[in-house]
Amino acid sequence: DKGIKISLSKDIADIIMPQMRDLKVEVFKVAFLDSANQLIAIEDAATGTVNQAMPIVREIIHAALQKYAAGIICAHNHPSGTLVPSREDQLFTQSLSQACKLMNLKLLDHLIVGDRGYYSFADKGELL
């Protein structure tokens with residue numbers, strides 16, 4: 001998948017949904033992109049329980065800097081199938097967004113993957 005240009009939330013969803021939709025525990029992935037929004041890598045940032053995964057903002061930023069990424073897209077699954085972001089999802093996204101701004105990284109999106117689709121913070125206008 002390396003080198004694929006990501007223009008829309010659907011582009012990254014098409015890549016990660018098959019990997020994530022049937023998982024029984026929450027997994028948090030990060031896609032790292034270059035300045036042309038081409039995929040550098042996709043890595044797991046955290047694996048959790050049936051209803052929670054605890055990614056660490058500092059580790060995500062560190063990995064992005066090591067890869068010389070210009071932008072990142074985060075994604076995690078909800079094994080319950082619901083596409084509604086939890087309060088924790090919203091707070092985490094805000095924290096990550098603030099950290100990215102400080103480090104001159106773009107947080108392009110945060111997707112929540114369910115069994116029948118995905119929720120995009122960017123598409124909903126919820127990334128500041």
Side-chain angles (χ1 to χ4, degrees):
D1 296 329
K2 190 174 173 178
I4 293 174
K5 185 164 174 62
I6 306 296
S7 302
L8 306 165
S9 59
K10 183 182 182 322
D11 298 338
I12 194 72
D14 287 345
I15 296 168
I16 60 164
M17 276 187 67
Q19 302 169 20
M20 298 182 82
R21 78 172 139 230
D22 296 324
L23 298 174
K24 301 297 179 225
V25 295
E26 273 198 21
V27 174
F28 194 96
K29 291 184 180 284
V30 181
F32 302 95
L33 296 101
D34 66 16
S35 57
N37 282 3
Q38 290 183 330
L39 201 52
I40 297 169
I42 299 175
E43 294 181 357
D44 287 2
T47 301
T49 63
V50 292
N51 63 358
Q52 188 175 33
M54 296 297 294
I56 298 170
V57 169
R58 177 183 159 161
E59 290 177 7
I60 293 169
I61 300 290
H62 182 244
L65 296 175
Q66 281 185 312
K67 289 174 182 43
Y68 299 95
I72 60 173
I73 298 171
C74 295
H76 77 281
N77 62 314
H78 279 176
S80 65
T82 178
L83 295 177
V84 179
S86 67
R87 183 77 186 122
E88 290 80 16
D89 294 339
Q90 292 168 333
L91 292 171
F92 172 81
T93 304
Q94 289 170 3
S95 296
L96 183 59
S97 178
Q98 290 167 351
C100 283
K101 281 189 181 117
L102 285 173
M103 300 309 290
N104 203 19
L105 275 166
K106 288 188 198 127
L107 176 58
L108 298 165
D109 207 344
H110 180 181
L111 300 182
I112 297 171
V113 175
D115 48 7
R116 287 198 189 84
Y118 66 92
Y119 179 97
S120 161
F121 277 79
D123 291 355
K124 299 284 186 192
E126 294 175 17
L127 285 183
L128 302 173

Any chance you could lay out the side chain to side chain contact (heavy atoms under 4.5 Å, CB included) test for Leu108 and Ile6, step after step, and finish with the verdict?
CA-CA 10 Å; Leu108 298 165; Ile6 306 296; over 6 Å; no
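Using a 4.5 Å cut-off between side-chain heavy atoms of Ile, Leu, Val, Met, Phe, Trp and Tyr, with links allowed through other members, Leu127 and Val113 fall into different hydrophobic clusters. Side-chain heavy atoms closer than 4.5 Å link hydrophobic residues (I, L, V, M, F, W, Y) into clusters, and following such links, even through other members, never connects Ile16 to Leu83. In the hydrophobic cluster analysis, where Ile, Leu, Val, Met, Phe, Trp and Tyr join through side-chain heavy atoms closer than 4.5 angstrom, Met20 is grouped apart from Val30. Hydrophobic clustering, with ILVMFWY side chains joined whenever heavy atoms are under 4.5 angstrom apart, groups Ile15 together with Met17.
Nearest heavy-atom pair across Leu107 and Cys74 is CD1-SG, 4.2 Å. Annotation for Gln90 and Pro85: closest pair CG-CB, 4.3 Å, computed over non-hydrogen atoms. The two atoms that bring Phe121 and Ile112 nearest to each other are CE1-CD1, 4.0 Å, heavy atoms only. Across Ala13 and Pro18, no two heavy atoms sit closer than the pair O-CD, 4.1 Å.
Atom CG in Asp115 sits 8.0 Å away from atom OG in Ser80 (nearest 0.5 Å). One finds the CG atom of Asn37 at 10.5 Å from the CD1 atom of Ile12 (value rounded to the nearest 0.5 Å). Between the CG atom of Leu96 and the CD1 atom of Ile60 there is a distance of 5.0 Å, given to the nearest 0.5 Å. Note that the CD1 atom of Ile56 and the CZ atom of Phe92 stand 9.5 Å from one another [nearest 0.5 Å]. Rounded to the nearest 0.5 angstrom, Tyr118 OH and Leu111 CG are separated by 7.0 Å. Atom CZ of residue Arg58 and atom CE of residue Met103 lie 11.0 Å apart, to the nearest 0.5 angstrom.
The shortest side-chain heavy-atom distance between Cys100 and Ile61 falls under the 4.5 Å cut-off.
For residues 71-80, no residue pair satisfies the salt bridge (charged side-chain N to carboxylate O under 4.0 Å, His left out) rule, not counting sequence neighbours. Sorted by first then second residue, the ring pair (Phe, Tyr, Trp, His ring centres under 6.0 Å) pairs that include residues 41-75, not counting sequence neighbours, number zero. Listed by first and then second residue, the salt bridge (charged side-chain N to carboxylate O under 4.0 Å, His left out) pairs that reach into residues 25-45 are Lys29-Asp44, Glu43-Lys67, sequence neighbours excluded.
Under the side chain to side chain donor-acceptor pair (under 3.5 Å) criterion, Asn77 pairs with no residue at all, not counting sequence neighbours. Every residue meeting the side-chain contact (heavy atoms from CB on, under 4.5 Å) condition with Lys124, not counting sequence neighbours, appears here in chain and number order: Tyr119, Glu126. Every side-chain contact (heavy atoms from CB on, under 4.5 Å) that Leu91 has, sequence neighbours left out, goes to Arg87, Gln94. Residues meeting the salt bridge (Lys or Arg N to Asp or Glu O under 4.0 Å) test with Asp14, sequence neighbours left out: Lys10. With sequence neighbours excluded, no residue forms a side chain to side chain donor-acceptor pair (under 3.5 Å) with Gln38. Residues forming a side-chain contact (heavy atoms from CB on, under 4.5 Å) with Ala64 (at least two apart in sequence, or on another chain): Phe32, Ala69, Ile72, Leu105. Scanning for ring pair (Phe, Tyr, Trp, His ring centres under 6.0 Å) contacts around His76 gives Phe28, His78, His110, with sequence neighbours left out. Under the side-chain contact (heavy atoms from CB on, under 4.5 Å) criterion, Ser35 pairs with Ala70, not counting sequence neighbours. Considering only residues two or more places apart in sequence or on other chains, Thr47 meets the side chain to side chain donor-acceptor pair (under 3.5 Å) condition with none of them.
Counting only distance, with no hydrogens or angles, the side chain of Asp109 and the backbone of Ser120 share no donor-acceptor pair below 3.5 Å. Of the possible polar contacts, none joining the Ser97 side chain to the Thr93 backbone as a donor-acceptor pair under 3.5 Å is found.
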